[in-house]
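To keep things clear, I will list the structure first and then write my remarks on it.
Throughout, protein chains are lettered first and strands after them, A, B, ... in sequence-line order, and every chain is numbered starting at 1.
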Amino acid sequence: MKREVRVYNTLTQEKEVFVPREPGKVSVYVCGVTPYSDTHLGHARPSVVWDVIIRFFDWLGFETLQVQNFTDVDDKIIQRALKEGVPALEISKRYIAEYLESMDALGVRRADHYPKVSEHIAEIIGLIQQLVDNGHAYEADGDVFFSVSSFDDYGKLSKQKLEELREGTRFEVDPKKKDAADFALWKAAKPGEPAWDSPWGKGRPGWHIECSAMSLKYLGKEFDFHGGGNDLIFPHHENEIAQSEAATGRPLAHYWVHNGMITLKDAKMSKSLGNIISLKQLLAKYPKGLLRFYLLSTHYRSGLEYYEGKLEEMGRGWSRLNEAARKLQEDLAQAEEGELTESDRETLENLGRLDEEVAEALSDDFNTAMALGVLFDVVREINAYKHRGGANSQVLQKGWDVLKLWAGDILDVLELEKREQEGLTESLLDLLLAVRDELRRERNFALADKIRNGLAELGVSIEDTPQGPRWKV
RNA sequence: GGCGGCAUAGCCAAGUGGUAAGGCAGAGCUCUGCAAAAGCUCCAUCCCCAGUUCGAAUCUGGGUGCCGCCUCCA
């Protein structure tokens, strides 16, 4: 391990030094989505955050194993299926595909496994049976409930007291429950719903049990990280802990990592509130690097606001980072080797220090906001160096290495390639700029400016540099 | 009502005991045919009150405001 990683653990409410279950390996379970409608911005947050965490561990030399579930058996899916008159699994299949497509477009690396409830009914039934046998669950008229009072640690994650939970119940309690706080592991089948055979009759799994069953199958007991949005802490993760730990007698996961919510006009973005920003739409409008930059600009545990125009605002800062990397890439082609001057050495040294600072920021509870801040320092260091006339290949290479590693490979916020242009656009632009350059040499600035202004109106900005004109869309 | 969290410049956002990173916006300068880009300089005492301490944005207590959860939810 190259360095110590510290992580804030929801369970202990403290930042802890990460000690892997198995040396050199990291196991991660991140709660995925219930696929019944469009993937939205809120879903992108845990995905991108964990994508970065996994990449970082990868860089640290860990072997990573990541599992993300799809809860494809669920009330909402069933409702939707009835409305559309198609099988429930068809609905979930459609939205799973859409989800994965969006995540791919966001540059999120695929998890190792994407288990679905519908394909793990046997494991789920097995786990429920174990809980019934243990005395932690009971059957009632085809339903099976988990008995919270049988699990002493109930509430340890969300810091809830059982008493309060019972009193806080705002909905009608199912009379079949022995305790108002008990929750369903298995639900007896209702007409028209998907159902599977079980020792308790036809039915389907309750909401939380799938994560216990599937994490156990793919990651085993006591895996390292369990992640998801902080809206899942209670009841979902609390219940997962109860089920898993009551069954195995071991801690479910060592570190519980929860990301903050994305809000829209001060309200959480959620399907039920209908204040959703579709990820597909955002991806069509903004480069993925900018989207990731936005998502990583705040510490993962904080809330993150979205509003119309926010990405445009962030885009100005993001461009600075991105353009610096692009230009550096170009400069590197014509960099000169040679003896290091005093200025070269100093810059090299500063870049080395900043490189270390980024690694340190990410090691400290995955502080991407700070990492980005340091990367802007890197940008200034490089630009200032070039401004002084520096062009030593070793120095530029170091700058490139730092940006490429962190902004490119780990955070993945750069867009180094020019955006795909429609067929001829690029060559036409080059031709137009060559003509304009000719005009400038003839000092026909009026016409040259007319071209520049015209292009600006079309969204193409021109920069005249000593190496010739650059354009960007 | 209970639980968890947050409150830092016009905006976004790090910092969690030693005298406030970074980005955007803004002002000035350099460079440029003019721009753009880039560089340099400037731009906050950290919600309020009371404590602890030689010293607090950072710890404690009390307020106020906001967010999340307690119901499906990333």
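Closest to the A:F376 side chain, of the nucleotides B:G68, B:C70, B:G22, is B:G22. Residue A:K159 has its side chain nearest to B:G4 when only B:G33, B:A74, B:G4 are considered. Of the candidate nucleotides B:G5, B:A74, B:C72, B:A74 has the atom nearest to the side chain of A:T34. Residue A:N230 places its side chain closer to B:G68 than to any other of B:G68, B:C70, B:A74.
Put simply, CG on A:D231 is 14 Å from C1' on B:G5, counting in whole angstrom units. Regarding A:I276, its CD1 atom lies at a distance of 12 Å from the C1' atom of B:C72, rounded to whole Å. With rounding to whole Å, A:H226 atom NE2 is found 13 Å from B:A74 atom P.
B:C43 and B:G22: their P atoms are spaced 12 Å apart (whole Å). Comparing the same atom, C1', in B:A74 and in B:C69 gives a spacing of 14 Å after rounding to whole Å. Between B:A27 and B:G17, the two P atoms lie 38 Å apart (nearest whole Å).
Both distances falling under 3.5 Å, in either a Watson-Crick or a G-U wobble arrangement, place B:C59 opposite B:G51. With a cut-off of 3.5 Å on both Watson-Crick or G-U wobble distances, the partner of B:A38 is given as B:U30.
Atom NZ of A:K161 is surrounded by 12 or fewer heavy atoms from other residues, nucleotides or ligands within 6.0 Å.
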Review point. If the sugar-phosphate is the primed atoms plus P, OP1 and OP2 and the base is the rest, what is the B/S/- string for nucleotides 34-44 of chain B, using protein heavy atoms under 4.0 Å?
Key: BBBSSSS----
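When the side-chain contact (heavy atoms from CB on, under 4.5 Å) test is applied to A:E16, the partners found at least two apart in sequence or on another chain are A:N9, A:T12, A:Y255. Shown here are the side-chain contact (heavy atoms from CB on, under 4.5 Å) partners of A:L100, two or more places apart in sequence or in another chain: A:F70, A:I96, A:R110, A:Y114. Residues meeting the salt bridge (charged side-chain N to carboxylate O under 4.0 Å, His left out) test with A:R345, sequence neighbours left out: none. Applying the side-chain contact (heavy atoms from CB on, under 4.5 Å) criterion to A:D364, with sequence neighbours excluded, gives A:R6, A:K15. Remark: A:D74 pairs with no residue by the salt bridge (charged side-chain N to carboxylate O under 4.0 Å, His left out) rule, at least two apart or across chains.
Residue contacts for A:G373: at a heavy-atom cut-off of 4.0 Å it reaches a base atom on one of the strands shown. At a threshold of 4.0 angstrom between heavy atoms, the contacts of A:L375 with the nucleic acid are absent. Heavy atoms of A:A324 sit nowhere under 4.0 angstrom from any nucleic acid atom. When heavy atoms are screened at a 4.0 angstrom cut-off, A:G32 is found touching the sugar-phosphate backbone but no base atom. Contact annotation for A:G228: backbone-only contact, meaning every heavy-atom pair under 4.0 Å involves sugar-phosphate atoms and none involves a base.
Between A:D464 and the choices A:R441, A:R452, A:R470, the salt bridge (Lys or Arg N to Asp or Glu O under 4.0 Å) rule is met once, by A:R452. When each of A:R80, A:K190, A:K187 is paired with A:D75, the salt bridge (Lys or Arg N to Asp or Glu O under 4.0 Å) condition holds for A:K187 and for no other.
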If you restrict it to nitrogen or oxygen atoms, what contacts under 3.5 Å exist between nucleotides 10-15 of chain B and the protein, and what is each distance?
| residue | atom | partner | partner atom | Å |
| --- | --- | --- | --- | --- |
| B:A14 | OP1 | A:H299 | N | 2.6 |
| B:A14 | O3' | A:N367 | ND2 | 3.0 |
| B:G15 | OP1 | A:N367 | ND2 | 2.8 |

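Closest-nucleotide positions on RNA chain B for A:G229 and A:S158 were compared, and the one nearer the 5' end corresponds to A:S158. Each of A:N259 and A:L372 has a nearest nucleotide on RNA chain B; the 5'-most of these lies closest to A:L372.
Evaluation of A:F445 against the base of B:G33 yields a stacking contact (centre distance < 5.5 Å, interplanar angle < 30°).
Considering only side-chain N and O atoms, A:Q68 lies nowhere under 4.0 angstrom from the phosphate OP1 or OP2 of B:A74.
For residues 27-47 of chain A, the set of pairs meeting the salt bridge (charged side-chain N to carboxylate O under 4.0 Å, His left out) definition, not counting sequence neighbours, is empty. Applying the ring-ring contact (aromatic ring centres under 6.0 Å, His included) definition to pairs two or more places apart or across chains, none involves residues 295-317 of chain A.
A side-chain donor-acceptor contact under 3.5 Å links A:E98 and A:T39.
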